[in-house]
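Note sheet for the following structure.
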Amino acid sequence: MSRQSNRTTDSKKMNSELFTLTYGALVTQLCKDYENDEEVNKQLDKMGYNIGVRLIEDFLARSNIGRCQDFRETADVIAKNAFKTYLGVTPSVTNWSPAGDEFSLILENNPLVDFVELPDNHNTLVYSNLLCGVLRGALEMVQMAVDVKFVQDTLRGDNVTEIRMKFIKRIEENLPAGDE
Amino acid sequence: MADQCLFDFLHMEIVSHVYKEQQSNKEQVDSKDGALCISVLESLGFRVGQGLIERMTRDSPSFKDELDIMKFICKDFWTKVFRRQVDNLRTNHQGTYVLQDNKFSLLTPLSSGKQYLDQAPKYLAFSCGVVRGALCNLGLESVVTAEVSIMPSCKFQVVIQKLS
């Protein structure tokens, strides 16, 4: 029992490792299940969407944040609250389009790729594509249709990871959307 | 940090993907396909368990014996992975261990009672793999199975395979 004292792994850190490793195992499995990277990307996005539509409820309950006034505020909430709560990182919001309907989230470090290296034969795989789906699904539940995609990725040798988000429209009808 | 519910949702999506994938390959899912899905989920968990235990025990001295390892799994490892300690650990001192968790974290969102009991194995296969993977990297070959009689309580049976 003398050992106990020096095992002080930070439990939060550990949780993130569990998530990161599990996500890695999933991507590996998808690469086995599908023949090409596009299919894998699509599937990751779909799974992310399903997570997003549920996660938003947890987020709203936890964060106590009301309705956003504009897309800029939404961007701030996503970066400073959502990413912080669930992934422990705070991306910066930049590169606004002149019309104010498009921006980039820049991640200095992406916890999903902590232990990851992409093999050569998967050069069109968007490893973290799940995040796009999560953002799309979550925002759809608060009546915002957005387009989300990765434009830079540290896994492909870029310096930072950049997620581009484009506002498409407000969803007017309040009918619940079905699972994908 | 990766909040817990993010992992829970991811786990649910993984389970549903594995079953859908199997279904799409065939018209009907029989019990053999079910077993295949379980084994896919188990092997995913196995890899995760291996990774986790490597990182957790990186700076710690080696274990005294088998029971010492099991205690570590029940306390530290369980807390890190499943957010609480195992409630009860029993052993016959011949390599069989029963770990009882009265509020298993991956079953709590599912049901409380006997409803959906038939669905429980799907949601336990991954965890069985995680435990087996962890034990494997600590040098113990094992068979891990889970048994539920009333959710969210769950019993994991670990049978250590002796190297002859």
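Below, read A as the first sequence line, B as the second, and so on, with proteins coming before strands; counting in each chain starts at 1.
Considering every non-hydrogen atom in both A:L21 and B:G51, the closest pair reads CD1-C, 3.8 Å. Across all their heavy atoms, A:Y86 and B:L6 have their closest contact at O-CD2, 3.8 Å.
Within a 6.0 Å radius of CG in A:N64, other residues, nucleotides and ligands contribute 12 heavy atoms or fewer. With a 6.0 Å radius and a threshold of 12 heavy atoms from other residues, nucleotides or ligands, A:E73 has its CD atom above the threshold. Dense packing is recorded around CD of B:Q119, with more than 12 heavy atoms of other residues, nucleotides or ligands lying under 6.0 Å away. The environment of B:R47 atom CZ is sparse: at most 12 non-hydrogen atoms of other residues, nucleotides or ligands sit within 6.0 angstrom.
When side chains are defined from C-beta on, A:F115 counts as touching B:R55, because their heavy atoms get closer than 4.5 Å. Considering only heavy atoms from C-beta on, A:D33 comes within 4.5 Å of B:H17 through its side chain. A 4.5 Å side-chain heavy-atom check between A:E17 and B:L52 finds at least one atom pair inside the cut-off. Looking at A:I51 and B:E13, their side chains come closer than 4.5 Å, going by heavy atoms from C-beta outward.
Linking Ile, Leu, Val, Met, Phe, Trp and Tyr whenever their side-chain heavy atoms come within less than 4.5 Å puts A:F103 and A:M144 in one cluster.
Going from atom CZ of A:R62 over to atom SG of B:C5 covers 5.0 Å, rounded to the nearest 0.5 Å. A distance of 4.5 Å separates OH in A:Y34 from CD in B:E21, rounded to the nearest 0.5 Å. The distance from atom CG of B:L44 to atom OG1 of A:T28, rounded to the nearest 0.5 Å, is 8.0 Å.
At a 4.5 Å heavy-atom cutoff, A:L112 makes no contact with chain B through either its backbone or its side chain. With a threshold of 4.5 angstrom between heavy atoms, A:D58 approaches chain B through side-chain atoms but not through N, CA, C or O.
Among the candidates A:L26, A:T22, A:L130, the residue making the largest number of heavy-atom pairs closer than 4.5 Å to chain B is A:T22.
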task: Determine, step by step, whether A:V134 and B:F9 satisfy the side-chain contact (heavy atoms from CB on, under 4.5 Å) criterion, reporting the C-alpha distance in whole Å, the side-chain angles of both residues, the deciding distance to 0.1 Å, and the verdict.
output: CA-CA 11 Å; A:V134 173; B:F9 288 145; over 6 Å; no

message: Run A:Q29 and B:I14 through side-chain contact (heavy atoms from CB on, under 4.5 Å) and show every step you take.
response: CA-CA 10 Å; A:Q29 182 63 34; B:I14 292 176; over 6 Å; no

message: Could you walk me through whether B:V130 and A:L18 satisfy the side-chain contact (heavy atoms from CB on, under 4.5 Å) test, starting with their C-alpha distance in whole Å, then the side-chain angles of each, then the deciding distance to 0.1 Å, before giving a yes or no?
response: CA-CA 10 Å; B:V130 170; A:L18 173 65; 5.6 Å; no

field: Test side-chain contact (heavy atoms from CB on, under 4.5 Å) applied to B:M12 and A:R54, step by step
entry: CA-CA 11 Å; B:M12 285 182 204; A:R54 295 175 182 152; 3.9 Å; yes

